[in-house]
Amino acid sequence: MTSKQRIRHITKWIRQYATKNKISTLVVGISGGIDSSVVSALCAETGLNTIVVQMPIRQNRKLDNRSSVQASWLLERYKNVTHMSMDLTPVFTAFEKKLSPFCQDSDSIDLSFANSRARLRMMTLYQIAQSHSGIVVGTGNRVEDFGVGFFTKYGDGGVDISPIGDCMKTAVWDMGREFGLPQEIIDAEPTDGLWDDGRTDEGQLGMTYPELELAMDQDTYSELELYATGPEKKKLKQYRAIRARNLHKMEPIPVCKISE
């Protein structure tokens, strides 16, 4: 499937879902990254009322500027797009101050507050969506959502529909080029935007997205593993370790069954 065909297919899918469920508004959080930029463009293409929301929290200035660039790009091309921008830093700071005394001083405290940023953004998107009779549109791709589980449970993982959840990251980049998105968004290093130091996805995962995609293929189609080179086998082992650590996010919530 070409990028143009993929865009047409996903746009049609979103529109059909909205029509079937009597949805009039699509709400997307934009971060200045390729995933949210492509999803916001896909939503705008449907012709449905599309609200794009910037939600900086102690945001790296470059990242927030790219969000503004994406919003401007959309507003110039689509009359059905509304842009909202709100700095959630004061809300998060108050939350952090209130909770810090009750958190154990450990290596995981920074990660827990990083995930809280994502959950605060999720709450914001749902507040906007429900007040506009809309839905929250997810921006996770296949590598993150179903490969390594690189998302926050009940944060960016808390959505109503997932338009690019079956698209590899490289396919998302291709759609961005097909849309003609700003080059600075396409060229930007992927980041989840949850850290004050602006750390990248590759820095956190230790693998690039092309490396992750190759490892996913080798893991899914076991015969490919036989032809993997030494460095590829090392990356495959690394991919499996990341996936195993985050598998709980990708599987259904365990339910204790009671036999009558």
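This one's a predicted model, so the numbers in the text were calculated from it and none came from an experiment.
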Open item on the list: Filter on salt bridge (Lys or Arg N to Asp or Glu O under 4.0 Å), then keep only pairs touching residues 17-34, sequence neighbours left out; what's left?
Closed with: none

Task: Residues in salt bridge (charged side-chain N to carboxylate O under 4.0 Å, His left out) contact with Arg121, at least two apart in sequence or another chain - done: none

Open item on the list: Quick check for you: to the nearest 0.5 Å, what is the distance between His9 atom NE2 and Ile14 atom CD1?
Closed with: 10.0 Å

Task: salt bridge (charged side-chain N to carboxylate O under 4.0 Å, His left out) involving Glu202 - partner list, sequence neighbours excluded - done: none

Would you tabulate the side-chain donor-acceptor contacts of residues 174-181 under 3.5 Å, counting partners in other chains and residues two or more places apart, or write 'none'?
| unit_1 | atom_1 | unit_2 | atom_2 | d |
| --- | --- | --- | --- | --- |
| Asp174 | OD1 | Arg177 | NH1 | 3.0 |

Open item on the list: Suppose we screen for salt bridge (charged side-chain N to carboxylate O under 4.0 Å, His left out). Which residues come up paired with Asp145, at least two apart in sequence or across chains?
Closed with: none

- [ ] Kindly write out the residues that satisfy side-chain hydrogen bond (donor to acceptor under 3.5 Å, both in side chains) with Tyr209, not counting sequence neighbours, or none if the list is empty.
- [x] Glu144, Asp201

- [ ] Hydrophobic side-chain clustering at under 4.5 Å (ILVMFWY, transitive links): who's grouped with Leu247? Put none if nobody.
- [x] Phe151, Met250

Open item on the list: For Asp219, give me all partners under salt bridge (charged side-chain N to carboxylate O under 4.0 Å, His left out), at least two apart in sequence or on another chain.
Closed with: Arg240

Task: Sequence-distant partners of Arg77, side-chain hydrogen bond (donor to acceptor under 3.5 Å, both in side chains), two or more places apart - done: none

- [ ] Mind checking side-chain hydrogen bond (donor to acceptor under 3.5 Å, both in side chains) for Glu251 and listing every partner two or more places apart, or none if nothing turns up?
- [x] none

Task: Non-neighbouring partners of Ser162 that pass side-chain hydrogen bond (donor to acceptor under 3.5 Å, both in side chains), sequence neighbours left out - done: none

TODO: Kindly state each residue pair satisfying salt bridge (Lys or Arg N to Asp or Glu O under 4.0 Å) with at least one member in residues 23-42, sequence neighbours excluded.
DONE: Asp35-Lys169

